[in-house]
Amino acid sequence: MKRISATLALVAACSLPSVLSAQTFYTNRAAFQAAAGALTKESFEGMQQPVPAATLTFSGFSVSETNGINALTTTESNSYWGSSSVTDGKNAIWYDDNDNSQASFLFNQNIRAFGVDVTSDGSGLMSVLGIFNTSFSLNAYTPTFFGVIWNGDFNGVTFSMEGGPEVGFDYVEYGNGVSVPEPSSFALVGAGLAVLAMLRRRRA
């Protein structure tokens, strides 16, 4: 009877509903790169697309802006932004925000890792909408790295900043990423080991 109870406990532990897959956010690009593994990079160099535009298309993804003023355009170091928005090469993309505008990265296939340098001409809170539902602080003219690795597939990331500043993006990296362990996995392994240890003690 005791052995049956222990077996039922193990089955119950293994049939617990899995918690949401782990999302790990990064503010340091080196740490993000180390955790994500092989990534595809886009730094917007040599872009020949007409601007401003509501959508800009690159190899592997597109960037769209909604409800803004000037839509998406490009900038070179020491021109519109000065050198602060460009963190790789000389080009970045930016859009003129307002309280309702959003910039969305849409990928051609599912990914699990995404990182980008973000700059604004005003300080405030940048929201990352949708499945991530997080935010981070931006200081005016100070590039800030945002990265995420998720143990599940996604194909889009949307940004929106309060207060209506101008926002720039540069040095995008994305890919399948390295699997982030789910908290539920640790719980199931721990429960299974505990049951096995209990069975061994009772047999001894």
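Numbers for residues simply follow the sequence, beginning at 1.
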| task | Following the transitive rule for hydrophobic clusters with a side-chain heavy-atom cut-off under 4.5 Å over Ile, Leu, Val, Met, Phe, Trp and Tyr, establish whether F136 and F25 coincide in one cluster. | result | yes

| Shortest non-hydrogen contact from M47 to N91? | N-ND2, 4.2 Å

| query | Is there a side-chain contact between W94 and V167, using heavy atoms and a 4.5 Å cut-off? | reply | no

| message | Would a single hydrophobic cluster contain both Y174 and I131, if residues Ile, Leu, Val, Met, Phe, Trp and Tyr are joined by side-chain heavy-atom contacts under 4.5 Å? | response | yes

| query | Is there a side-chain contact between T158 and V128 (heavy atoms, below 4.5 Å)? | reply | no

| field | Worked check of side-chain contact (heavy atoms from CB on, under 4.5 Å) between L56 and I93 | value | CA-CA 9 Å; L56 297 176; I93 61 172; 4.1 Å; yes

| query | Measuring from M161:CE to E166:CD, what's the distance to the nearest 0.5 Å? | reply | 11.0 Å

| message | So, applying ring pair (Phe, Tyr, Trp, His ring centres under 6.0 Å) with F169, which one of F146, F105, F114 is it? | response | F105

| Do M126 and V118 have side-chain heavy atoms sitting under 4.5 Å apart? | yes

| field | Minimum-distance pair of heavy atoms, taken over all atoms of L39 and G175 | value | CD2-N, 3.7 Å

| request: Please confirm whether the backbone N or O of A140 pairs with a side-chain atom of S123, one donor and one acceptor, at under 3.5 Å? | output: yes

| task | Begin from the C-alpha positions of E173 and T40 and carry the test side-chain contact (heavy atoms from CB on, under 4.5 Å) through to its verdict. | result | CA-CA 5 Å; E173 291 187 290; T40 301; over 6 Å; no

| request: Might you point out which heavy atoms bring I111 and A113 nearest each other, and give the distance in Å? | output: CD1-O, 3.6 Å

| query | Atom CG in N155, atom CG in L106: separation rounded to 0.5 Å? | reply | 5.5 Å

| task | Kindly indicate whether the side chain of L129, heavy atoms from C-beta on, has any atom under 4.5 Å from the side chain of S160. | result | yes

| query | Centres of the F154 and F107 rings: under 6.0 Å? | reply | no

| task | Apply ring pair (Phe, Tyr, Trp, His ring centres under 6.0 Å) to Y171 and F145, showing your working. | result | CA-CA 10 Å; Y171 199 82; F145 176 75; 8.4 Å; no

| Quick check: does any side chain N or O of N28 sit under 3.5 Å from a backbone N or O of A31, one acting as donor and the other as acceptor? | yes

| So do the side chains of S137 and L125 get within less than 4.5 Å of each other, counting heavy atoms only? | yes

| said: Set out, in order, the CA-CA distance, both residues' side-chain angles and the distance that settles side-chain contact (heavy atoms from CB on, under 4.5 Å) for D170 and T119, then state yes or no. | reply: CA-CA 8 Å; D170 196 18; T119 308; over 6 Å; no

| Under the 3.5 angstrom rule, does the side chain of E45 hit a backbone N or O of K90 as a donor-acceptor pair? | yes

| remark: Smallest heavy-atom separation, R29 atom then V116 atom, equals NH2-C, 3.8 Å

| Spacing of S135 atom OG and F159 atom CZ [to the nearest 0.5 Å] | 12.0 Å

| message | In this structure, would V63 and F132 fall into the same cluster of hydrophobic residues linked by side-chain contacts under 4.5 Å? | response | yes

| task | Ignoring hydrogens and angles, tell me if any N or O in the side chain of S120 forms a donor-acceptor pair with the backbone of G122 under 3.5 Å. | result | yes

| How about E65 and Q102: does a side-chain donor come under 3.5 Å of a side-chain acceptor? | no

| field | Residue pair V172 / F44, side-chain heavy-atom distance below 4.5 Å | value | yes

| field | Distance-minimising heavy-atom pair for N151 and R112 | value | OD1-NH1, 3.6 Å

| request: Please report the shortest heavy-atom distance between Y26 and A35, naming the atom on each side. | output: OH-CB, 3.2 Å

